[in-house]
Every structure is written in structure tokens, then in C-alpha cells.
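Below you'll find the structure, written out as C-alpha cells, and then a few comments.
What you see is a predicted model, and the numbers here were worked out from it, not measured in a lab. Throughout, numbering of the chain's residues begins at 1 and tracks the sequence.
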Amino acid sequence: MRAGVSWESVLRIDGMIKLMLEIHRVPYLPIESVSMQERVRAIDFVLARAGLSQLMTERKLASAPNGPNGKTKTPTPRPRRR
């Protein structure tokens with residue numbers, strides 16, 4: 001089941017994130033799409049191009065109660081690409 005999200009809430013969250021990024025001088029690319037599915041695809045694409053997609057999947061699996069193979073596992077940090 002999907003929770004309903006009002007567009008006003010999305011804009012409010014976008015504004016807060018934009019403010020935090022600007023305060024900390026983090027470069028960003030605004031996503032102007034109205035479709036949440038398109039927004040998620042754009043973010044997934046950028047993360048994959050940065051090499052972070054695999055890392056995020058590993059962290060999700062490692063944080064599972066019994067790890068990916070039924071064993072408790074601590075995620076290994078990977079060096080960031082530049």
C-alpha cells in the first residue's frame with residue numbers, strides 16, 4: 001500500500017533540503033519533475049554513476065536483522081570516487 005503524499009508536502013521538503021544544501025555550500029542539481037517515479041529514477045541514476053548504488057544496497061542488506069546470509073555483518077566502508 002502506498003501512502004498518499006500531498007504536492008505541498010513535497011515542495012516543503014524540497015525547500016528544506018535546498019536550504020540545507022545552500023547553507024553548507026553543497027552543489028546540487030534541482031529535479032523539476034512532478035512525477036515521484038521520475039524523481040526516484042533520476043536519483044538512482046546519479047547515485048549509480050557515482051558508484052553509490054552498490055554501496056547503498058550493501059548497507060541495506062547489512063542492516064537487516066540477520067545480515068544478507070543469515071549472519072550478522074558490519075558494512076565495510078569503501079573509498080569514495082571523485
Please output the side-chain donor-acceptor pairs of residues 17-27 that fall under 3.5 Å, not counting sequence neighbours, one pair per line with the distance.
{"residue": "Glu22", "atom": "OE2", "partner": "Tyr28", "partner atom": "OH", "Å": "2.8"}

What one should report as the nearest heavy-atom pair of Ser6 and Ser9 is OG-OG, 2.8 Å

Using the side-chain contact (heavy atoms from CB on, under 4.5 Å) criterion, which residues pair with Val40? Sequence neighbours excluded. Asp44

Quick one: salt bridge (Lys or Arg N to Asp or Glu O under 4.0 Å) partners of Arg39, sequence neighbours excluded? Asp14

